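This report concerns only the one structure given below.
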Amino acid sequence: MFLNSIQEFFSALGHYGFLQSALVTAVMVGIMSGIIGSFIILRGMSLMGDAISHSVLPGVAVAYILGINIVFGASLFGILAAGLIGVVATKSKLKSDTAIGVVFSAFYALGFILISMAESSTNLHHILFGNILAVSDSDLITTAIVLAIVIAFVVFFYKELLITSFDNNYAKSYGLNTNLIHYGLMLVLTLVTVSALQTVGIILVVAMLVTPAATAFLWTNRLHKMLVLAAIFGVISSIVGLYFSYTFNWASGPAIVITAAAMFLVSFIFSPKQGFVFKEKY
Amino acid sequence: MLRVEDLTVSYGSNMIFKDLAVDFRPGKITGIIGPNGAGKSTLIKSILGMIKKNAGSATLDGQELSKNLTKVAYVEQRKDIDLAFPINVFEVVLSGSYSRLGLFKDAGKKEKAEALEALAQVNLSEFKNRQIGNLSGGQLQRVFVARAIVQQAEVVILDEPFVGIDMKSEKQIMDILKSWRDSGKIIIVVHHDLNKVNDYFDDLLIMNHGVVAMGPVAETYNQTNIQKAFSADLSAVLFA
């Protein structure tokens, strides 16, 4: 029965343009979220990733109201949230997770209000949970551009991303502008969030950032390998999730995220780094 | 000469030190000692511009240090390092070349050769592919000294380099510091073990929320100064 449904999925892929667009988008989102997610988890910023992804909601609403590309609205609010979190955390004695909690919940709430003013409740459901089967051609192009930006960012700033993630104090000590790298990463993160929003929805974007990267972390001790593995795990979860979504009519977001989580579970048990089943050698 | 003038740093309303002035001489190893919370790490972090100073300046041969940070190598406390990070020994040492390379330029053959050479100098060649969490404390400290070697800096600042490491590593690191000194570099070491002050340092800065004493070890390391910075009991034991 499984074989049948897989065959059916692939034959549908051959016939339906919307499914092809969905697959290509899902693969691209899997790659970019795996790569950026790796830096997010290594910098201990999983909560920040969650916060930024929620904070773009008012930007999405504003973009709908003004009829502009959601990338612009979302980026603006994503960066604004990152900046505000920075201000609250540095200008008060509050811990940064508190600053994150205050700012992102406010942005999220503002987003709901703006969306209800825009009167597009069907869109809201798609924004929250993802609707990859409704990806438009322009969404596809936007996603491709974001993927190009992500790859360029990581290639050009690889050593700066490596050293600020590993040893931010050292990077500061030789005069590297670590704030610039931080906010650059936050900007790219908001772009990834906007793309991932189509496949998994705002609520589960953090899972796409964190889970494939965490899975990759369990299998390697080198950053560049982790980036590649995280991208591969992201792609696999996207494709398998899309299959489940199409075949059983599940929402695409949960289908993709559950697949990613299943891969994490297997890795958690079997990876040599964990050492439950196989021991690491060096 | 690394000259610190009128340096004032506070955390909120908590004054760490005020109008601090010291000179660090080239060709000398200067130890910084003082009780916990005396402001030792704060001093070096503010010299490096890593934390904000309220007032004052740090200049290297008359030039503002914060604009010449590539001339400084900083070896931070090991406890601040993420030991689980996916990076191996060789990559850490190679990152010593990043300050020279600047943006958009990757480490090439020359930098990689320098990193291997530095690893050989600290006797860690065989560990070059090992993830850094799988090293002893002494080995890890030598990795960071090797990174400082690759930086080829005029000033080397080490924060508590000898905490929790084996004697062999400590001696190797000390030998490297001495060879740096003999080539005319400025070496600054934040230190906790008062027993070795005479063996390790040429100059000594004794701190307790400001300068208690600064100068050649023979002139500064005495019962009066230690009593001022630490306690009468400690100074009595050390100089009994």
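Keep in mind it's a predicted model, so treat the numbers as computed, not measured. Here is how names work: the chains are called A, B, and so on, in the same order as the sequence lines, proteins then strands, and each is numbered from 1.
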field: Top of B/K71, B/K67, B/K45, B/K105 for chain A proximity - count of heavy-atom pairs under 4.5 angstrom
entry: B/K105
- request: For each of B/N129, B/V92, B/V72, B/N88, tally heavy-atom pairs with chain A at distances under 4.5 Å, and name the one with the top tally.
  value: B/N88
When rounded to the nearest 0.5 angstrom, what distance separates [atom1] in [X] from [atom2] in [Y]?
X      : Y      : atom1 : atom2 : result
A/Y170 : B/I81  : OH    : CD1   : 10.5 Å
A/L176 : B/L103 : CG    : CG    : 7.0 Å
A/F156 : B/F104 : CZ    : CZ    : 7.0 Å
B/F85  : A/M226 : CZ    : CE    : 8.0 Å
B/S97  : A/Y174 : OG    : OH    : 8.5 Å

[X] [atom1]: over 12 foreign heavy atoms closer than 6.0 Å:
X      : atom1 : value
A/L76  : CG    : yes
B/K128 : NZ    : no
B/K178 : NZ    : yes

Name the region of [X], side chain, backbone, both or neither, that has any atom closer than 4.5 Å to a heavy atom of chain A.
X      : value
B/A84  : both
B/I132 : side chain
B/D80  : side chain

message: Can you give me the closest heavy-atom contact between A/G175 and B/L69, atom names plus distance?
response: CA-CD1, 3.5 Å
Residues in residues 158-168 of chain A near chain B [non-hydrogen atoms, under 4.5 Å]: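 Listed by number: A/K159, A/E160, A/L162, A/I163, A/S165, A/F166, A/D167.
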Per-residue contacts, residues 108-125 of chain B versus chain A, heavy atoms under 4.5 Å: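 Within residues 108-125 of chain B, near chain A: nothing under 4.5 Å.
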- request: With the side chain counted from C-beta on, respond yes when A/K172 and B/L48 share a heavy-atom pair under 4.5 Å apart, and no when they do not.
  value: no
